[in-house]
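Comments concern the structure below.
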Amino acid sequence: MKIEDYAFLSDTQTTALVGRNGSVDWLCFPRFDSASCFAALIGEPKNGRWLIAPSDDSATVTRKYRDYTLILETTFETKEGAVRLIDFMPPRGTNPDIVRIVEGVRGKVSMRMELIIRFDYGDMVPWVRKCSDGLEAIAGPNGLVLRTLIETRGEDLTTVAEFEVAMGERVPFVLTWYQSHKRPPRALNPDHALRDTEKYWSDWAGCCQYGGKWNDAVVRSLVVLKGLTYAPTGGIVAAATTSLPEKIGGVRNWDYRYCWLRDATFTLFALTRSGFVEEARAWRRWLLRTIAGSPSQMQILYGTGGERRLPEFEIEWLAGYENSRPVRIGNAASTQFQLDVYGEVMSSLYHAHEAGIEIEVTDWRLQVALMKFLESHWHEPDEGIWEVRGGRKHFTHSKMMAWLAFHRAVQLIEKGGMPANEHLVRWKKIRDQIHQEVCERGYNSKVKAFTQYYESDALDASLLMMPMVGFLPIEDERVRNTIAAIERDLVVQGFVLRYKPEEENVDGLPGDEGVFLPCSFWFATCLNMLGRRKEACELLERLLTLRNDLGLFSEEYDPREKRLLGNFPQAFTHVALISTVHFLEEGND
């Protein structure tokens with residue numbers, strides 16, 4: 001099944017992916033980054049899934065979300081009749097649930113349920129027993145209880161059931177996680193949970209203040225961001241999945257179920273511009289709590305609760321999505337040194353301040369400490385925005401973002417009234433020093449472009465951000481040349497590559513990848529800034545056609561095979577969509 005064939009459910013603490021065939025192929029309980037109990041997405045059905053579908057395999061399928069919610073409605077049409085499968089995860093406290101209601105629409109349809117529970121990423125077969133009000137599955141710390149009125153039976157380490165649904169009938173199934181050393185929680189009422197879940201999402205989406213030409217795309221993207229937010233802390237994970245490949249059969253497979261500081265600037269911009277100041281405030285609080293401590297220990301990504309240790313390892317027993325191996329858990333990029341995050345953190349806090357989210361004295365002290373650290377480290381090489389594994393270099397984007405950190409610090413003092421005048425002259429001097437160095441060493445007059453790293457010939461689409469962050473104006477000839485060079489060499493069938501991996505093997509990995517969707521949105525923003533508004537809008541519209549039928553994006557796209565690639569759904573892509581829409585309609589403030 002293709003990546004775009006999946007739907008996304010969330011209770012704002014964890015997520016599930018449901019295929020067009022009615023199978024939940026990915027589910028982690030109780031958090032985004034917990035070990036999965038269904039891992040068929042990156043393995044095989046035997047690694048765990050939950051299928052509810054007509055017995056007739058030839059059924060036609062249509063699906064949609066109920067308005068601006070994460071309530072999925074999948075309609076199966078068969079010769080016997082039609083049924084609607086309603087899937088959702090109620091926003092909750094301690095115990096997560098996934099609720100599935102089969103609703104008869106027409107005639108009478110024979111249905112089949114197949115539940116394969118495999119804890120610990122498809123490896124651990126649970127002990128299953130019937131209890132007073134359901135079916136319990138227990139292994140190690142994890143317990144699941146399935147509650148339904150349908151009679152089930154065991155069959156080859158699988159729980160199965162056959163049943164019929166006639167027009168007007170409703171057959172609910174509720175799967176609930178609990179800690180195995182405790183008793184299962186009380187059963188919820190599926191219909192009440194459906195009503196409450198619909199109200200939750202409708203009320204939240206109704207707070208959006210955008211309402212422009214691309215309203216449907218913006219609101220759906222905002223709902224995705226909310227679904228990727230870990231409600232207890234406010235952290236936003238990069239994606240719901242791990243190890244969905246950037247090239248089918250390739251090794252560029254990473255775990256994105258963590259929170260990247262890099263996403264902070266665009267995320268805060270997208271949330272505040274769309275009217276979701278409280279979500280931006282929660283994200284900012286998460287950010288400040290997480291990076292508290294020694295500035296030298298600041299990481300580029302953290303767990304949803306601010307966890308720092310995210311060791312990366314490979315799971316040998318999973319075959320990988322379409323045999324794309326390895327399957328990775330954890331992310332070694334958490335130990336990398338990346339200069340750009342300082343610019344992103346300072347810029348996000350600046351935007352938060354501009355949106356009316358006040359900076360407290362203790363918050364500012366932390367920011368001053370970060371800047372003091374950056375004063376003596378900005379000149380060092382790093383792994384860069386793309387988290388390369390081919391060795392540190394003086395990446396031009398990284399230096400530009402170090403400049404942005406000092407620029408925002410200066411603005412917060414001069415415009416925001418922050419008390420750090422003793423640092424002002426020094427920070428201005430360093431800001432100007434970095435600017436001069438980037439212009440001298442980052443621009444290649446032979447290539448006629450700012451290049452990926454100092455004294456290189458390689459292009460990098462991250463430098464499309466140069467006019468967007470105000471490093472140089474769009475009128476500057478070097479900026480225009482850089483955009484023209486990227487348009488000439490990194491645009492494939494109308495979309496933008498991050499860079500060419502085969503050039504100089506800068507990322508230390510074999511093979512290539514698809515076009516990078518956030519960069520394609522940045523390119524649309526740059527076209528608009530160049531006065532090419534019609535082309536910018538046309539590119540935005542083309543990008544919107546790459547979403548699946550439910551309005552969801554992954555990280556990358558294969559323009560030759562015409563399919564989504566990478567982890568799914570991807571927060572950074574949806575954030576880039578929202579930001580580009582605001583840039584196109586409001587201009588770069």
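Excluded from the calculations below are hydrogen atoms, water molecules and symmetry mates; all remaining heavy atoms, backbone and side chain alike, are included. Each residue takes its place number in the sequence, starting with 1. Note that the structure is a prediction, hence the values are computed from the model and not measured.
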For the residue pair [X] and [Y], confirm or rule out a side-chain donor-acceptor distance under 3.5 Å.
| X | Y | result |
| --- | --- | --- |
| Thr304 | Arg31 | yes |
| Glu437 | Gln433 | no |
| Ser10 | Thr12 | no |
| Asn481 | Tyr443 | yes |
| Tyr499 | Asp507 | yes |
| Trp260 | Glu344 | no |
| Glu541 | Trp214 | yes |

**Message:** According to salt bridge (charged side-chain N to carboxylate O under 4.0 Å, His left out), does anything in residues 199-224 pair up with another residue at least two apart or in another chain? List the pairs.
**Reply:**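 Only Lys199-Asp203 qualify under salt bridge (charged side-chain N to carboxylate O under 4.0 Å, His left out).
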**Message:** Strictly by salt bridge (charged side-chain N to carboxylate O under 4.0 Å, His left out), give each pair with a member in residues 408-427 just once, sequence neighbours left out.
**Reply:**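 Qualifying pairs: Glu375-Arg426, Glu414-Lys428.
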With [X], which residues qualify under salt bridge (Lys or Arg N to Asp or Glu O under 4.0 Å), at least two apart?
| X | value |
| --- | --- |
| Glu4 | none |
| Asp460 | none |
| Glu555 | none |

**Message:** Going by the rule ring pair (Phe, Tyr, Trp, His ring centres under 6.0 Å), which residues pair with His353 if we only count those two or more places apart in sequence or in a different chain?
**Reply:**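 With neighbours one apart ignored, the set is empty.
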**Heavy-atom side-chain proximity of Ile357 to Arg284 below 4.5 angstrom** =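 They are in side-chain contact.
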**Asked** With side chains defined as the heavy atoms from C-beta onward, is the minimum distance between Leu194 and Arg66 less than 4.5 Å?
**Response**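 Sidechains of Arg66 and Leu194: in contact.
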**Prompt:** So which of Glu585, His582, Arg273 actually passes side chain to side chain donor-acceptor pair (under 3.5 Å) with Tyr210?
**Reply:**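 With Tyr210 as partner, side chain to side chain donor-acceptor pair (under 3.5 Å) holds for just one option, Glu585.
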**Asked** Tyr6 and Trp26: aromatic ring centres closer than 6.0 Å?
**Response**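 No: the rings miss the under 6.0 Å criterion.
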